[in-house]
Amino acid sequence: MLYIVYGIVLLANSLFSFGKMHSKIIAYFTLLFIWILFWGNTSNADMDSYIRDYTYLQNGSSIDLYGTEPGFLLLMKLSIYLGFNYTTFLAILSAICYFLIHRTVKQYTKNFNYVYLLYLFHPVFLDIVQLRNFITVSILVFAIPLLVEGTTKSKLKYLLLIAVASTVQNIAVLYAPFMLIGKSEKNKIVKYVAYFALCSSILIFIDGQEITFISEFVSIFTDNLRINRYLSGSGQLGFLIAWGIHIIYFTLIYWSRKIINKNTVEQKNINQSKNNKIIAFIDIIFWINVFAFAFFPLYMMNMAFYRIIRNLILLNAIVFSIASDSFPSGGKIQKLGFNFAVLLGSLIWFFYDILGDHFTTVFQPILENNIFF
């Protein structure tokens with residue numbers, strides 16, 4: 001039954017994503033569906049661990065939480081203090097997270113259907129499983145408009161939000177350097193960091209993938225068991241897939257930026273203030289994707305870091321939706337080609353993430369175990 005509903009929601013959003021007409025009703029229904037899919041799920045790869053920890057805390061038992069971050073522990077303890085069971089905790093927490101996400105989505109695009117269609121393809125499934133990572137995603141998406149403002153005060157606010165996110169999942173601290181991104185067309189620091197990391201990755205690959213200096217440097221500042229586990233070795237050749245997917249999405253973002261800049265110049269009677277805000281957002285997302293090349297060495301150490309770029313999918317989807325809507329009525333062929341490329345990129349990611357090992361541990365359990373279906 002849930003497979004059918006999922007298919008219908010995908011189809012409904014597809015009908016309103018690629019034309020001039022969009023449906024907020026369908027989009028908000030989709031958000032409701034995603035929310036129910038999230039907290040109504042009763043079985044997934046990580047759920048037993050989360051329920052176990054929640055139950056232990058509920059019973060006041062001592063437990064080795066393997067370095068679970070204090071922010072997430074605090075959220076669970078607050079929920080328990082308020083008398084909520086785990087399902088209610090999940091429902092409230094996911095509702096807040098989707099509110100934060102949608103607040104940014106509606107600031108920059110009118111095509112909600114496009115954004116949530118791409119999100120439904122596969123990120124939603126891994127977000128449901130990886131709860132702490134999903135909280136990080138929602139805070140990151142919510143915080144990006146502060147970078148668009150570009151003031152010292154707004155960047156400090158961004159840094160504060162990332163600090164909060166890092167108390168829920170340590171990996172969030174890697175998004176702190178995004179505050180270096182400015183409105184400048186050159187962003188030289190970002191370019192240098194990306195070039196250095198990319199060249200270093202290639203040299204490390206040629207030299208046998210040994211990257212011990214990163215773990216040794218990080219160990220100076222923390223002895224967190226989870227971080228040490230992530231940095232304790234070198235990965236297999238799977239990191240080449242992460243590199244490839246990032247390059248594909250970077251290419252799509254670069255293309256989107258060119259499309260939007262070209263089509264915006266050709267349009268008349270546009271709200272210049274609103275347009276400047278959108279262009280600033282697109283520039284920030286472009287440079288974030290440039291900076292993300294700096295994470296390439298981490299994928300070589302542990303593919304768990306691959307989620308760093310996966311967490312950018314929603315932000316990239318907003319840019320893709322803006323680009324799709326920017327085509328003039330006479331650009332149907334170009335628009336078709338662009339949207340085909342975006343969907344192809346999303347399907348490649350879907351096939352890698354979902355139709356591989358995650359099909360039986362993530363995709364099936366979520367669509368086959370829900371209290372409402």
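Taking CG from L343 and CZ from F320, the interatomic distance works out to 10.5 Å, rounded to the nearest 0.5 Å. One distance of note links CD1 of I144 with CD1 of I181; it measures 7.5 Å at 0.5 Å rounding. Going from atom CG of D283 over to atom CD1 of I260 covers 9.5 Å, rounded to the nearest 0.5 Å. One distance of note links CZ of R132 with CG of L93; it measures 12.5 Å at 0.5 Å rounding. Interatomic distance, CD1 of I348 versus CD1 of I241, reported as 11.5 Å (0.5 Å rounding). Rounding to the nearest 0.5 Å gives a distance of 10.0 Å between CG of L140 and CG of N133.
Partners of T88 under the side chain to side chain donor-acceptor pair (under 3.5 Å) rule, at least two apart in sequence or in another chain, are N85. T251 is linked by a side chain to side chain contact (heavy atoms under 4.5 Å, CB included) to I247, counting only residues two or more places apart in sequence or in another chain. Taking the side chain to side chain donor-acceptor pair (under 3.5 Å) definition, one finds that S138 meets it with nothing, sequence neighbours left out. A search for ring pair (Phe, Tyr, Trp, His ring centres under 6.0 Å) contacts involving F33 returns nothing, not counting sequence neighbours. Every side chain to side chain contact (heavy atoms under 4.5 Å, CB included) that Q364 has, sequence neighbours left out, goes to Y3, F359, T360, E368. By the ring pair (Phe, Tyr, Trp, His ring centres under 6.0 Å) test, H246 is found to be paired with F293, F296, residues two or more places apart in sequence or in another chain being considered. Residues passing the side chain to side chain contact (heavy atoms under 4.5 Å, CB included) test with L31, sequence neighbours excluded: Y28, Y98, H102, Y116. Judged as a side chain to side chain contact (heavy atoms under 4.5 Å, CB included), and not counting sequence neighbours, the contacts of I25 are S23. With sequence neighbours left out, T167 forms a side chain to side chain donor-acceptor pair (under 3.5 Å) with no residue at all. Annotation: side chain to side chain donor-acceptor pair (under 3.5 Å) contacts of W255 (sequence neighbours excluded): none.
Y119 places none of its side-chain heavy atoms less than 4.5 Å from the side chain of I313. Between F72 and Y50, the closest side-chain pair of non-hydrogen atoms falls below 4.5 Å. With contacts defined as side-chain heavy-atom distances shorter than 4.5 Å, the pair Y86/T55 does not qualify. The closest side-chain heavy-atom distance from L298 to I308 is below 4.5 Å. Looking at heavy atoms from C-beta onward, P145 lies out of side-chain contact with F281 at the 4.5 angstrom threshold. With a 4.5 Å cut-off on side-chain heavy atoms, V362 and N44 do not count as touching. Within the 4.5 Å cutoff, the side chain of Y306 has heavy atoms near those of the I245 side chain. Between K106 and F112, some side-chain heavy-atom pair lies under the 4.5 Å cut-off.
Clustering ILVMFWY residues whenever any of their side-chain heavy atoms sit less than 4.5 angstrom apart, transitively, puts L10 in a cluster other than the one holding F16. Follow the hydrophobic side-chain contacts under 4.5 Å out from L156 and you never reach L180; the two are in separate clusters.
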Determine, step by step, whether F84 and L78 satisfy the side chain to side chain contact (heavy atoms under 4.5 Å, CB included) criterion, reporting the C-alpha distance in whole Å, the side-chain angles of both residues, the deciding distance to 0.1 Å, and the verdict. CA-CA 9 Å; F84 300 143; L78 177 61; over 6 Å; no
For F38 and F134: C-alpha separation, side-chain torsions, deciding distance, then whether ring-ring contact (aromatic ring centres under 6.0 Å, His included) applies. CA-CA 11 Å; F38 200 111; F134 172 62; 4.8 Å; yes
Run K110 and D325 through salt bridge (Lys or Arg N to Asp or Glu O under 4.0 Å) and show every step you take. CA-CA 9 Å; K110 294 179 180 179; D325 281 356; over 6 Å; no
Going through the checks in order, is the side chain to side chain contact (heavy atoms under 4.5 Å, CB included) test met by L315 and I284? CA-CA 10 Å; L315 293 167; I284 291 293; over 6 Å; no
Does N113 form a side chain to side chain contact (heavy atoms under 4.5 Å, CB included) with I26? I'd like the steps, not just the answer. CA-CA 7 Å; N113 303 105; I26 295 295; 3.7 Å; yes
Passes ring-ring contact (aromatic ring centres under 6.0 Å, His included), F291 versus F178? Steps please. CA-CA 8 Å; F291 189 95; F178 287 173; 5.7 Å; yes
ring-ring contact (aromatic ring centres under 6.0 Å, His included) evaluation trace for F363 with F125: CA-CA 6 Å; F363 189 76; F125 294 101; 4.9 Å; yes
Do R307 and Q169 pass the side chain to side chain contact (heavy atoms under 4.5 Å, CB included) test, and can you show the C-alpha distance, the side-chain angles, and the key distance before you say yes or no? CA-CA 12 Å; R307 70 186 66 184; Q169 187 181 57; 3.1 Å; yes
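Ring centroids of Y249 and W349 are separated by less than 6.0 Å, placing the two rings close together.
Listed for the N289 side chain is a donor-acceptor partner under 3.5 Å among the backbone atoms of I285. Distance alone, capped at 3.5 Å, places no donor-acceptor pair between the S166 side chain and the V173 backbone. In this structure, S43 contributes its side chain and N369 its backbone to no donor-acceptor pair below 3.5 Å. A distance-only check finds no donor-acceptor pair linking the side chain of S324 to the backbone of S321 [under 3.5 Å]. Put simply, the side chain of Y6 gets close to the backbone of L120: a donor and an acceptor are under 3.5 Å apart. Side-chain atoms of N111 come within 3.5 Å of backbone N or O of S17 as a donor-acceptor pair.
Of the N and O atoms on the side chains of Y54 and S79, at least one donor lies less than 3.5 Å from an acceptor on the other residue. Looking only at atom types and distance, the side chain of N339 has a donor-acceptor partner in the side chain of Y114 under 3.5 Å away. Under the 3.5 Å distance criterion, with hydrogens and angles disregarded, a donor-acceptor pair is assigned to the side chains of N170 and E69. Side chains of S326 and N263: a donor on one and an acceptor on the other come within 3.5 Å. A donor atom on one side chain and an acceptor atom on the other are not found under 3.5 Å apart for S94 and W39.
Hydrophobic clustering, defined by side-chain heavy atoms of Ile, Leu, Val, Met, Phe, Trp and Tyr closer than 4.5 Å, groups I4 together with I8.
The local environment of CZ in F29 is sparse, with at most 12 non-hydrogen atoms from other residues, nucleotides or ligands closer than 6.0 Å. The number of heavy atoms from other shown groups lying within 6.0 Å of CG (L11) is above 12. Within a 6.0 Å sphere centred on CZ of F372, other residues, nucleotides and ligands contribute more than 12 heavy atoms.
Cation-pi contact between K332 and F327: absent, since separation from the ring centre below 6.0 Å together with deviation from the ring axis within 45° is not met.
Sequence neighbours left out, not one pair with a member in residues 142-163 passes ring pair (Phe, Tyr, Trp, His ring centres under 6.0 Å).
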